[in-house]
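Here is the structure we will look at.
Naming: A, B, ... by sequence-line order, numbering from 1 per chain.
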2 protein chains.
Amino acid sequence: MLRISRLTDYGTLVLAHLPAREAELMSAAEVAAATGINLPTVSKLLKSLTKAKLVASGRGAQGGYRLARDAARISAAEIIDALEGPVSITECSATDSHCDLESVCSVGNAWQRINVAIRRALQEINLTELQRARAPVPRFELAGTPIHVERKG
Amino acid sequence: MLRISRLTDYGTLVLAHLPAREAELMSAAEVAAATGINLPTVSKLLKSLTKAKLVASGRGAQGGYRLARDAARISAAEIIDALEGPVSITECSATDSHCDLESVCSVGNAWQRINVAIRRALQEINLTELQRARAPVPRFELAGTPIHVERKG
DNA sequence: ATAAAAGAGGACTATTTTAGTCCTATTTGA
DNA sequence: TCAAATAGGACTAAAATAGTCCTCTTTTAT
């Protein structure tokens, strides 16, 4: 449930290894070597991330990639959107369409609202935080009840 | 993305239509009629929900289903777990295993921590709230920054 | 007793998503 | 002008999801 795809996970790893905004470009092959992910896959990810403007690219010899902005200005939500498209938690909330069950759907946009809330939270998490493997654990507050999230093991 | 499956969405709808804890049982066929979902699918959902103890069943003639507890005591997290299994946001966080990229994975359990946080939040949302189509919008607070989530349109 | 109504459980198929690979075109620097 | 790169997209393979169906057991009413 509530799963991001493996490619998005890899994509985050790729982003975490990329040179900073003003630094020298790094080729897809180098990124593949650094991350241990297959070159074709890295290449595909970098293309998507470039199209989404999270990554800047240079073509030709000595070409390559680097972050398009400071890591602190790249959010988890943007990474997900770039690699999976802006899909929502349920199908009918995704399309904002009228599904067959509409007339009977008392649940309606409950999941939708949850989805929005989660997405907002994800917008507050940036790549820098994703890079810090042991960063302080996030805290969510829902409907006034603060919830502290402990580390797993 | 962060998507729940369509079956989970349907499952929530089914739950929302089920009689309360002490009420009379409702057959799968009746639930199917009430929700507009195919009988085989409703049946499958109800079996899963029963196995997960969210729903109580009676067999034989006059048999059927009803909620096993008050709607207020059934959380969104439980619904997801019942219908999709306790899968986590990323693969390696799901298995707690050692993936090939471990040595290089500076991202590590960042998504994992996010996942835990989201799950905790989901535990605070109950079926009653899911039933209220226009309930007050949830608020998340992440890492000290309160985020208010407006209604969509 | 027995038949009918209902759920339990699981096997199976089809569909859809996701992942991964590869080919061709374009750009750039030496 | 050649080689090193990215851009873009087509294609295949694998996996997850959805949906259907069959058989067995339980319960109630006749």
Side-chain angles (χ1 to χ4, degrees), chain A residues 1-11 13-14 18-19 24-33 35-53 55-66 68 80 82-85 87 90-91 94 99-101, chain B residues 1-11 13-14 18-19 24-33 35-53 55-66 68 80 82-85 87-88 90-91 94-95 99-101:
Chain A
M1 76 109 200
L2 284 173
R3 184 181 45 207
I4 58 170
S5 73
R6 189 164 6 149
L7 280 182
T8 301
D9 200 25
Y10 285 175
L13 184 56
V14 164
L18 237 40
E24 279 196 4
L25 300 175
M26 186 183 220
S27 73
E30 289 172 299
V31 174
T35 57
I37 305 169
N38 300 338
L39 175 56
T41 299
V42 168
S43 186
K44 183 182 188 174
L45 287 166
L46 284 166
K47 285 176 211 171
S48 299
L49 292 168
T50 301
K51 194 148 78 177
K53 313 257 197 209
V55 161
S57 67
R59 297 173 68 149
Q62 311 307 316
Y65 300 90
R66 66 185 163 207
I80 291 176
L83 298 176
E84 315 198 2
V87 188
T90 63
E91 216 167 82
C99 70
D100 298 349
L101 304 171
Chain B
M1 78 144 230
L2 286 170
R3 183 181 47 207
I4 59 172
S5 74
R6 192 172 353 159
L7 280 182
T8 301
D9 199 26
Y10 285 175
L13 185 55
V14 164
L18 237 39
E24 280 195 2
L25 299 175
M26 187 183 219
S27 73
E30 289 173 298
V31 175
T35 57
I37 305 170
N38 301 337
L39 175 55
T41 299
V42 168
S43 187
K44 182 180 189 176
L45 287 167
L46 283 167
K47 286 176 213 169
S48 298
L49 292 168
T50 302
K51 195 149 79 178
K53 313 258 198 208
V55 161
S57 66
R59 295 170 70 144
Q62 311 307 317
Y65 301 89
R66 66 184 162 209
I80 291 176
L83 298 176
E84 314 197 3
V87 188
S88 297
T90 62
E91 216 166 82
T95 58
C99 70
D100 298 348
L101 304 171

Inset, instruction - Please state how far atom CG in A:Leu45 lies from atom C1' in C:dT18, giving the value in whole angstrom units. - result: 12 Å
Inset, instruction - Figure out the CG/P separation between B:Leu7 and C:dT15, and round it to whole Å. - result: 16 Å
Legend entry - Per B:Lys44 side chain, nearest of listed nucleotides C:dG20, C:dA6, D:dT20: D:dT20
Legend entry - Between C1' of C:dA8 and NZ of B:Lys51, the distance in whole Å: 9 Å
Legend entry - By side-chain contact (heavy atoms from CB on, under 4.5 Å) - contacts of B:Ala68 (at least two apart): B:Ala56
Legend entry - Distance below 4.0 Å between B:Arg6 side-chain N/O and C:dT16 OP1 or OP2: no
Legend entry - Given D:dA18, C:dA8, D:dT20, the nucleotide with the shortest approach to the side chain of B:Tyr65: C:dA8
Legend entry - Protein proximity profile, nucleotides 23-30 of chain C - base contact B, sugar-phosphate-only contact S, no contact -, cut-off 4.0 Å on heavy atoms: ---BBBS-
Legend entry - Of the listed nucleotides D:dG19, C:dA8, C:dG20, the one nearest the side chain of B:Thr50: C:dA8
Inset, instruction - Please determine if a side-chain N or O atom of B:Asn38 lies less than 4.0 Å away from the OP1 or OP2 oxygen of D:dT20. - result: yes
Legend entry - Test side-chain contact (heavy atoms from CB on, under 4.5 Å) applied to B:Pro19 - qualifying residues, sequence neighbours left out: B:Ala23, B:Met26, B:Arg66
Legend entry - Listed partners of B:Lys47 passing side-chain contact (heavy atoms from CB on, under 4.5 Å), at least two apart: B:Ser43, B:Tyr65
Inset, instruction - For B:Ala29, report the nucleic acid contact type (base, sugar-phosphate, nothing); a contact means any heavy atom under 4.0 Å. - result: nothing
Inset, instruction - Kindly compute the distance separating CD1 (A:Ile80) from CG (A:Asp9), expressed to the nearest 0.5 Å. - result: 10.5 Å
Legend entry - Among D:dT20, C:dT21, D:dA7, the nucleotide that comes nearest once only the side chain of A:Ser57 is considered: D:dA7
Inset, instruction - Establish, with yes or no, whether the OP1 or OP2 oxygen of C:dT18 is under 4.0 angstrom from a side-chain nitrogen or oxygen of A:Tyr10. - result: no
Inset, instruction - With sequence neighbours excluded, tell me which residues meet side-chain hydrogen bond (donor to acceptor under 3.5 Å, both in side chains) with B:Ser27. - result: B:Glu30
Inset, instruction - For C:dA19, take OP1 and OP2 only and decide whether either is under 4.0 Å from a side-chain N or O of A:Ser5. - result: yes
Legend entry - Pairing residues for A:Ala52 by the side-chain contact (heavy atoms from CB on, under 4.5 Å) criterion, not counting sequence neighbours: A:Leu54, A:Ala82
